[in-house]
Asks: 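The structure that follows is given in the form of structure tokens.
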Amino acid sequence: MLSIEMKKYNRQPEKFEIFDLFSTLAPGWDLQFNDEKSVNKFCEKIAKSLRANSKPTMLYGRYAESMFGYVAASLGECVIIKKEDDGDVFTDIDEIKIPDYRIITKNKGAFLVEVKNFHKDNNIFELNHKYLMQLQKYAEINGAELKMAVYWSKWNIWTLLSPQSFSKKENKRVITILEAIKQNEMGSILGDVFIGTLPRLSLKIYVDHITPGLLPESEEVGFRIKDVEVYCGDQVVSDKEERRMAITLMMCGKWVEQPPKTFVSEGYLNAIEFIFTPEEYDESQNFALIGSMSSVVSNHYKMYTAPRGTIDKITFSDNITNLGFIIPKDYVGSQLPLWRFHQTVK
């Protein structure tokens, strides 16, 4: 069913990028190849630099930048996603800034993206006007459009914006989260959709064995798992890929986990059910939104890279299908019905 599989190109960073970094830093640090003292000096300075620069602003900025690459790859419209601001650049043009990504899509061609993380208490994102003009100048030289990807991390929302979406305010360009959502091009360019399905989603674990004599009121009950069932509404989801999607939606969607439901017979535990439901929804429409694909993938990315709430890493080597939540365009679920809503910007 998952006919789309973007793979991460193996650049062998442990071989080439470390070599290139040594080459780049060698003149300023007086390093020489084939010199053991230079190698030790390089390692010491890299460790010192890493500790000095692992500040929250830098760390979360790079984290959002990396996350965006995985989100874009998961949405199914991209052919190539490449870091644009890596490596040496030689130019005779002043006052340019190089955006983070160059993206080529199946239907919209190539464009450049600058990624920003927003984590303030207010809902107004600000960007220096000169900085934006320098990014746009680079884009114009390359004959490509510039887009700004803003991750509103407090709300786990991605917006992809054209520069004209921002309002001018003195020497800044500004936009509120509400206006950014209205002007969002994540759907029209990258294929992002809002996902709905039947309430409720649940995971039911059947017990094979319990320690004799332990009753439900005991503090601990030991058991072995006999079987696991996934439900959408009252329907068992048995198809392998539909089960995978349902579990991902439970773990990474915005529905609320209810207290586990236990099934007890004659004082023994038979099953536990973990249930996820929307906080509120219109029961007459028979479905509820569980989040956008980009927000689901972002939460899944966090599970891999920040499982304890603090950032452990900002990238990994798995293929995107091991992370993402790709829904084939021709998907018609037999057991997991999905409603997909596409936002377009005029």
Side-chain angles (χ1 to χ4, degrees), residues 56-75 100-101 113-127 147-163 165-167 169 172-197 199 201 248-257 276-282 287-311 314 323-325 327 339-345:
T57 301
M58 169 73 80
L59 185 59
Y60 284 97
R62 299 293 282 185
Y63 187 70
E65 184 182 318
S66 177
M67 185 196 298
F68 176 78
Y70 283 95
V71 168
S74 295
L75 296 179
D100 296 314
Y101 286 101
V113 181
E114 178 74 357
V115 182
K116 293 295 180 185
N117 180 62
F118 182 88
H119 195 74
K120 296 182 179 180
D121 291 330
N122 62 30
N123 63 356
I124 302 175
F125 174 75
E126 295 184 347
L127 190 66
K147 302 293 181 182
M148 300 295 302
V150 182
Y151 181 53
W152 308 80
S153 54
K154 283 183 178 291
W155 299 273
N156 190 34
I157 293 174
W158 280 102
T159 57
L160 187 68
L161 305 166
S162 296
S165 299
F166 292 79
S167 300
K169 182 182 178 182
K172 297 183 181 298
R173 295 288 189 92
V174 301
I175 193 167
T176 66
I177 186 172
L178 294 179
E179 188 61 29
I181 290 172
K182 288 193 294 183
Q183 299 294 328
N184 189 10
E185 298 178 63
M186 287 287 291
S188 57
I189 295 179
L190 295 179
D192 198 10
V193 293
F194 292 95
I195 304 167
T197 191
L201 292 173
T248 301
L249 287 174
M250 281 186 265
M251 296 169 63
C252 304
K254 67 176 183 179
W255 286 3
V256 179
E257 182 179 1
F276 296 79
T277 61
E279 289 188 274
E280 57 182 28
Y281 75 103
D282 183 355
F287 73 92
L289 293 178
I290 198 166
S292 65
M293 278 185 66
S294 59
S295 65
V296 170
V297 174
S298 296
N299 280 336
H300 206 180
Y301 177 89
K302 293 174 190 176
M303 288 175 58
Y304 276 76
T305 57
R308 293 176 291 274
T310 56
I311 298 173
I314 65 173
L323 168 73
F325 182 68
I327 306 174
W339 283 255
R340 285 164 284 177
F341 296 88
H342 299 258
Q343 178 187 351
T344 58
V345 179

Asks: Kindly compute the distance separating CH2 (W155) from NE2 (H119), expressed to the nearest 0.5 Å.
Replies: 9.0 Å

Asks: Got a second to check how far Y301's OH is from I314's CD1, nearest 0.5 Å?
Replies: 6.0 Å

Asks: If I compare all heavy atoms of L289 with all of K254, which pair ends up nearest, and what's the gap?
Replies: O-CE, 3.7 Å

Asks: Holding to side-chain hydrogen bond (donor to acceptor under 3.5 Å, both in side chains), I want the full list of residues that pass it with Y63, two or more places apart in sequence or in another chain.
Replies: T305

Asks: Mind listing the closest non-hydrogen atom pair of A72 and L190 along with its distance?
Replies: CB-CD1, 4.3 Å

Asks: How close do W152 and A180 get, heavy atom to heavy atom, and via which atoms?
Replies: CZ2-CB, 3.6 Å

Asks: Once rounded to the nearest 0.5 Å, what's the spacing between atom CE of M148 and atom CZ of R173?
Replies: 10.5 Å

Asks: How about NZ on K154, more than 12 heavy atoms from neighbouring residues, nucleotides or ligands closer than 6.0 Å, or not?
Replies: yes

Asks: Aromatic contact between F341 and F287, with the criterion being ring centroids under 6.0 Å apart: yes or no?
Replies: yes

Asks: If you look at every heavy atom in I181 and Q343, which pair is closest and at what distance?
Replies: O-NE2, 2.7 Å

Asks: Are any side-chain N or O atoms of E114 and backbone N or O atoms of D100, one a donor and one an acceptor, separated by less than 3.5 Å?
Replies: yes

Asks: Can you tell if the side chain of I290 reaches within under 4.5 Å of the side chain of Y281, non-hydrogen atoms only?
Replies: no

Asks: What heavy-atom pair brings Y101 and S66 nearest, and what distance separates the two atoms?
Replies: OH-CA, 3.8 Å

Asks: Show the nearest heavy-atom pair for residues A64 and N117, with the distance to one decimal.
Replies: CB-CB, 3.7 Å

Asks: What distance do K116 atom NZ and L127 atom CG have between them, rounded to the nearest 0.5 Å?
Replies: 6.5 Å

Asks: When you measure from the side chain of S74 to the backbone N and O of V297, does any donor-acceptor pair fall under 3.5 Å?
Replies: no

Asks: Tell me, do N156 and Y151 make a side-chain contact under 4.5 Å, heavy atoms counted?
Replies: yes

Asks: Rounded to the nearest 0.5 Å, how far apart are CD1 of I124 and CG of L178?
Replies: 10.5 Å

Asks: Among all residues two or more places apart in sequence or in another chain, which pass the side-chain hydrogen bond (donor to acceptor under 3.5 Å, both in side chains) test with T197?
Replies: none

Asks: Give a yes or no answer on whether the side chain of S298 reaches the backbone of S294 with a donor-acceptor pair at less than 3.5 Å.
Replies: yes

Asks: Would you say the side chain of I195 lies within less than 4.5 Å of the side chain of M293, judging by non-hydrogen atoms?
Replies: yes

Asks: Please tell me if the side chains of I175 and V150 come closer than 4.5 Å, counting only heavy atoms from C-beta onward.
Replies: no

Asks: Counting C-beta onward and ignoring hydrogens, is there a side-chain heavy-atom pair between S162 and E185 closer than 4.5 Å?
Replies: yes

Asks: Any side-chain heavy-atom pair from L75 and M186 closer than 4.5 angstrom?
Replies: yes

Asks: For the residue pair L160 and N184, establish whether any side-chain heavy-atom pair is separated by less than 4.5 Å.
Replies: yes

Asks: Give the intermediate values and the outcome of side-chain contact (heavy atoms from CB on, under 4.5 Å) for residues W158 and D192.
Replies: CA-CA 10 Å; W158 280 102; D192 198 10; 5.6 Å; no

Asks: Answer yes or no: is there a donor N or O on one side and an acceptor on the other, between the side chain of S292 and the main chain of V193, under 3.5 Å?
Replies: no

Asks: Y70 versus H300: any side-chain heavy-atom pair under 4.5 Å?
Replies: no

Asks: Can you tell me how far CG of L249 sits from CH2 of W255, rounded to the nearest 0.5 angstrom?
Replies: 8.0 Å

